[in-house]
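Report on one structure; see the data block that follows.
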2 protein chains.
Amino acid sequence: MTVKSEQTRQLVAGVALRMFREIGFAKTTMRAIAAEAGISVGNAYYYFASKDDLVQELYLQVQAEHAARAAEALKDATDLTSRLRATLHTGLDAMAPYHRFGGDFIATAIRPTSPVNPFAAGSTAAREASLDIFRTAVGAAKPPAPKKLRSDLPELLWLCYMAVTLFWVYDNSEGQQRTRRLVDGAVPLVTRGLSLARIPGVGKILDDFLSLSRSIRG
Amino acid sequence: MTVKSEQTRQLVAGVALRMFREIGFAKTTMRAIAAEAGISVGNAYYYFASKDDLVQELYLQVQAEHAARAAEALKDATDLTSRLRATLHTGLDAMAPYHRFGGDFIATAIRPTSPVNPFAAGSTAAREASLDIFRTAVGAAKPPAPKKLRSDLPELLWLCYMAVTLFWVYDNSEGQQRTRRLVDGAVPLVTRGLSLARIPGVGKILDDFLSLSRSIRG
DNA sequence: CCTCAAATTTGAACGTGTTCAAGAAAAGTA
DNA sequence: TACTTTTCTTGAACACGTTCAAATTTGAGG
């Protein structure tokens, strides 16, 4: 029964994500999704345990889109600066269609108890996939990143990516160009500033951030 | 009729905040608040337009508590580092009773459309009061902060305070000691790093953050 | 083809935040 | 005091996310 079942699942996810884009998160009620998909409310819940789970689905699809775009863009970027810039910009590209829904998305995702929280166990798959993009960006860079940082850098950059996302949600400039400018301006500073991590105090702070980020995942 | 009216308002706010502390945000339903206060649901809504507005009330009270504690602690702190540290620690002290409720609080507050959003117009009073604490911390510091930064520094530090709050929400270490350590570690770095703002690139990034933060307030 | 257990689907029901027409109480006016 | 206006209070009602017992459909084994 996997075929029909998977069809229904895809139908619900497809309808929901389209409605998220077109009419926003609040107006996309579970009843509206069910009606649009031609099924009952309870049936939608058979496939997605909560409305948050549909956000999780969105998170997965956006992340897959990001991975595809990043892989393409990283082909002709060798130094860390341009690789990082390409990674962040393609990430913004992938999120773009959902910008109007960003506030609700982040409100859902930031709650520590939410399955959608990018630090939580329920998001392990999506987070690891997202982290892999940064691992690739850092790992294949020439010249290579400083040895001392190499293992933690992808994770730190991923945290920066989360911060950029937060900035992006609040950015109402046309096409979120302000976030683009922030990325363009901040990336060279970050890559040039990597040497700062050698300062003992800075390193300790970074360690704190990393271990907190890890401990949240429980 | 201002007296009785104000009494009722205080009653609702008091009951709500106590219930937030004692049983958490989700279990503190509007019906439960009304029942506990001995009034009708609609009457609670006469004084607070939404449950979020009660969170706003909490924000105001926490901020007042912060102001009081900071004023006391800043009495015997002269250099910027210790003044900043005192300001951040007293902020954490004021929030402490509500830590278990932090996730819900931040999920409410981070939504750009929420009246509780610390960047939004509805929070102007609370935000300005909070900013004033940082203005005092910076303004009376000896030796004084670099001229170039003096006008923007309180706002930047307030943004750091928001970031620390975010960290604190996710911090489940005993008594949130990890956040305390973060503050102790990060503050000297920040004060020592102030000279970095002279680097043109860094200055531009900071400007971007500030103007975004300002533009959100509409 | 028939049987039956598992997978899928239904729709009514619950508790939630919120709204609102209606009424009660207080304050203002004479 | 008697009337009017404003402020305050009520409780039923709405749409929402979510749950669940029951009904239906499906596929495997005979």
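Computed from a predicted structure; not experimentally measured. In what follows, chains carry the letters A, B, and so on, assigned in the order in which the sequence lines appear, proteins first and then strands, with residues in each chain numbered from 1.
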Can you tell me how far C1' of D:dC16 sits from CG of A:Asp104, to the nearest Å? 14 Å
Counting only side-chain N and O atoms of A:Tyr47, is one of them less than 4.0 Å from OP1 or OP2 of C:dT9? yes
Between P on C:dT19 and CG on B:Asp52, what's the gap in Å once rounded to a whole number? 11 Å
To the nearest Å, give me how far apart CD1 (B:Ile33) and C1' (C:dG15) are. 15 Å
Does this structure show an ion pair linking B:Glu57 with B:Arg9, if we count only N-O contacts that are shorter than 4.0 Å? yes
Can you figure out which of D:dT10, D:dC8, C:dT8 approaches the side chain of B:Ile39 most closely? D:dT10
Starting the side chain at C-beta, find the nucleotide from C:dG11, D:dT19, D:dT10 nearest to A:Tyr45. D:dT19
Closest to the side chain of A:Thr29, out of C:dT18, D:dT18, D:dC16, is D:dC16
Rounded to whole Å, the CG-C1' distance (A:Leu11 to C:dT9) equals 14 Å
Checking A:Asp52, A:Asp53, A:Leu58 against A:Val116 for side-chain contact (heavy atoms from CB on, under 4.5 Å), the one that qualifies is A:Asp52
Does the C:dG17 base have a donor-acceptor partner in the side chain of B:Arg31 within less than 3.5 Å? yes
Rounded off to whole Å, could you give me the CG-to-C1' distance for the A:Asp53 and D:dG17 pair? 13 Å
Quick one, B:Gln63 and B:Ser130 - any side-chain contact, counting heavy atoms below 4.5 Å? yes
Counting only side-chain nitrogens and oxygens, does A:Tyr46 get under 4.0 Å of the OP1 or OP2 atom of C:dT9? no
Find which nucleotide of DNA chain D each of B:Val41 and A:Lys51 is nearest to by heavy atoms, and output the residue with the more 5' nucleotide. B:Val41
A:Lys51 to A:Phe25, cation-pi by 6.0 Å centre distance and 45° axis angle: yes
When you check the phosphate oxygens OP1 and OP2 of D:dC8, does a side-chain N or O of B:Asn43 lie under 4.0 Å from one of them? no
B:Thr8 side-chain N/O to D:dC8 phosphate OP1/OP2 under 4.0 Å: no
For the pair made of CG in A:Leu54 and C1' in D:dG17, what is the distance, rounded to whole Å? 12 Å
Sub-6.0 Å ring centroid separation between B:His66 and B:Tyr161: yes
Does B:Phe48 reach a base, just sugar-phosphate, or nothing at all? Heavy atoms under 4.0 Å. nothing
Closest to the A:Met30 side chain, choosing from D:dT18, C:dT18, D:dC16: D:dT18
